[in-house]
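For ligands, and for the atoms within them, numbers begin at 1 and follow the listed sequence. What you see below is based on every heavy atom in this structure, not just the backbone, and it leaves out hydrogens, waters and symmetry mates.
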Amino acid sequence: MTVPMTDLPAWEALAAHHATMRERTIAGLFDAEGDGRTAAMTHEAAGLTVDLSKHLATRETLGLLVDLATQRELGDAIAAMFAGDRINVTEDRSVLHVALRMPRDRSLVVDGVDVVAEVHEVLDRMSAFAERVRDGDHTGHSGRPIRNVVNIGIGGSDLGPAMAADALNADVRRDLTLRFVSNVDATDLVEKTRGLDPAETLVIVSSKTFGTLETLTNARSARAWLLDGLGLSGPDADAAIAKHFVAVSTNEDRVRDFGIDPSNMFGFWDWVGGRYSVDSAIGLSLMIGIGPEAFRSFLAGFHAMDEHLRSAPFERNVPVLMALLGVWYRNLSGAQTRAVLPYDQALRRFPAYLQQLEMESNGKRVLLDGSPAPYGTSPIVWGEPGTNGQHAFFQLLHQGTELVPADLIGFLRSRNPVGEHHDLLTANLIAQAEALAFGRTEQQLRDAGVPEHQIPHRVTPGNRPTTLILAEALDPATLGALIALYEHATFVQGVVWGIDSFDQWGVELGKILADAIVPELQGEDAPTLSHDPSTNAAILRYRRAHGRRV
Ligand code: F6P
């Protein structure tokens, strides 16, 4: 039986404390606690400095939240994950993405197998292949060097490498073009292959299961695009596929069935969840782009955060504190969403990446034992890079009726230092955190000569909580640490809520229904439809548009 979080004794103390916090403001907390507040609520982890002082929380709040985590036996849960226990209970699987970034000299034996040794074996194969592509030793069928890498995958087999390739674009070798195709909408493939020379293109088909409709459809069309472009068929076509196609998967049989030789496959394991897989062979496209050495530094960043999770006391443990503040706002203050606002254009895909990480992990309605969750779980995660978001939805953040806690992420140095751009970007980052927390009062507006009729419209109440994450620069190690920070915060929240953060059954039904609807859209004969009237009508409308019998 899973005890709901709200039945733990710590919850009662936390709820009572929350009632005393209702009238307090962030500005009031700073007044009361003085300069020491920021120092006491700012923590370092794996090269990231995380300032939690602009939260609607005191050190007592954090202490009570830590009590909740302790009563949820978070320490044991962390140890169980690192030990390879089957904490993904509904799929009866270990959850070992932390093994993907353990150094070579570590060992982690699960079911009699040293998984760290296996991880490094694959990493070494990936590195050798990436070097051969980068050095021009692995060429296309006609002997031309590879200049373009197209990763075909979706969800975790796309979002991680696509986000990271953007984020680390400054490290991607200039003569290599990386593209990411995910949507089953052919527009994605057509647009992403436009202008690429097939003779210089390597396609990486990335799919944990190698059974995903979108990926297999795109991979088939990419094969046709490549062979058409090269003007090849028959045995020559097979030889070309061997040079231009590699697979990343856990399913060797399906890779072979698709027509890719398993010697051109890079494997991973069922204990790597799709949304936790960017640091596995799923990152092959990224590794080719930035080089194996930079990829290892990326992994080292993850590992540094893993060690922080494992060793820092909860009171100073950044992923734990961020997770617990998320619970505070979600379950006590009623926040339904959280914004992620990276002040770095290279992190433009980071909010989308976190949407899968957090919402696929923790968007759950039942506890581990299957009983209904008597409280909200994952918030809706969304965001855009600053400063763009400021000119779009920040109005709501400052003056809207919703409580939207936000993560602001910035870097002290730009990877593209041009003129004064970075000073201006950073000034905006710091200003937004200040404005959100402290706002602008009626009196301040009056003193500034604002006409009386405008005053209510121009008051910004402040009191909007933010986490400020600052790091030196967006380099591979920092990105690894940042991703691991959110992976672990997501895990910790799942533990506190008492849910399975590692399954994703909610995506199953839509796939089953789509499989059934495909023949109903395509068949020659008028179909016998047994859906609801609205679904039937949409199917018939599509058939009519294509001149098919109805
Ligand atoms: O539909 C959801 C999902 O299963 C994700 O969890 C996963 O990342 C994605 O599909 C892709 O799956 P695969 O890597 O097996 O193609």
Side-chain angles (χ1 to χ4, degrees), residues 87-97 100 122 126 150-165 180-185 188-189 203-223 245-258 260 265-286 349-364 378 381 483 486-487 490-491 494 499-518:
I87 60 170
N88 177 356
V89 293
T90 74
E91 296 181 307
D92 192 25
R93 284 181 184 165
S94 306
V95 174
L96 273 174
H97 44 275
L100 296 169
V122 175
M126 288 166 63
V150 177
N151 183 80
I152 295 180
I154 196 163
S157 300
D158 165 70
L159 285 163
M163 176 278 288
F180 295 85
V181 176
S182 53
N183 200 329
V184 73
D185 182 344
D188 202 12
L189 180 68
V203 177
I204 303 176
V205 186
S206 297
S207 174
K208 181 176 172 182
T209 55
F210 230 75
T212 305
L213 169 92
E214 291 89 336
T215 300
L216 294 186
T217 307
N218 277 322
R220 278 191 288 270
S221 299
R223 180 164 55 188
F245 269 70
V246 297
V248 177
S249 187
T250 58
N251 195 323
E252 190 174 313
D253 291 343
R254 286 186 179 162
V255 167
R256 191 182 295 105
D257 289 349
F258 180 82
I260 296 177
M265 165 180 160
F266 298 87
F268 60 115
W269 306 269
D270 71 358
W271 41 259
V272 183
R275 51 195 176 271
Y276 298 87
S277 67
V278 60
D279 46 347
S280 71
I282 291 290
L284 181 62
S285 51
L286 177 70
R349 299 284 286 151
F350 196 56
Y353 175 80
L354 292 186
Q355 283 177 332
Q356 186 198 18
L357 176 65
E358 297 193 34
M359 292 161 74
E360 201 172 70
S361 295
N362 286 343
K364 305 291 165 63
S378 176
V381 177
I483 298 172
Y486 281 96
E487 285 179 348
T490 302
F491 163 63
I499 59 179
D500 189 333
S501 297
F502 301 103
D503 61 14
Q504 58 283 316
W505 300 108
V507 302
E508 192 181 37
L509 175 61
K511 292 184 192 177
I512 294 171
L513 293 179
D515 281 348
I517 291 173
V518 170

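Around ligand 1 you find I154, G155, G156, S157, S207, K208, T209, T212, G274, Q356, E360, Q504, V507, K511, each with a heavy-atom distance below 4.0 Å.
Side-chain atoms of E214 do not come within 3.5 Å of backbone N or O of N183 as any donor-acceptor pair. Within the 3.5 Å criterion, the main-chain N or O of V272 finds a donor-acceptor partner in the side chain of K208. With D188 contributing its side chain and V181 its backbone, the two residues share no donor-acceptor pair below 3.5 Å.
Taking the six-membered ring for Trp and thresholds of 30 and 60 degrees, Y276 and H97 have nearly parallel ring planes, at less than 30 degrees apart.
Residues that satisfy the side-chain hydrogen bond (donor to acceptor under 3.5 Å, both in side chains) test with S206, not counting sequence neighbours, are N151.
Ion pair D253/R256 flagged as a salt bridge, since at least one NZ, NE, NH1 or NH2 atom sits closer than 4.0 Å to an Asp/Glu carboxylate oxygen.
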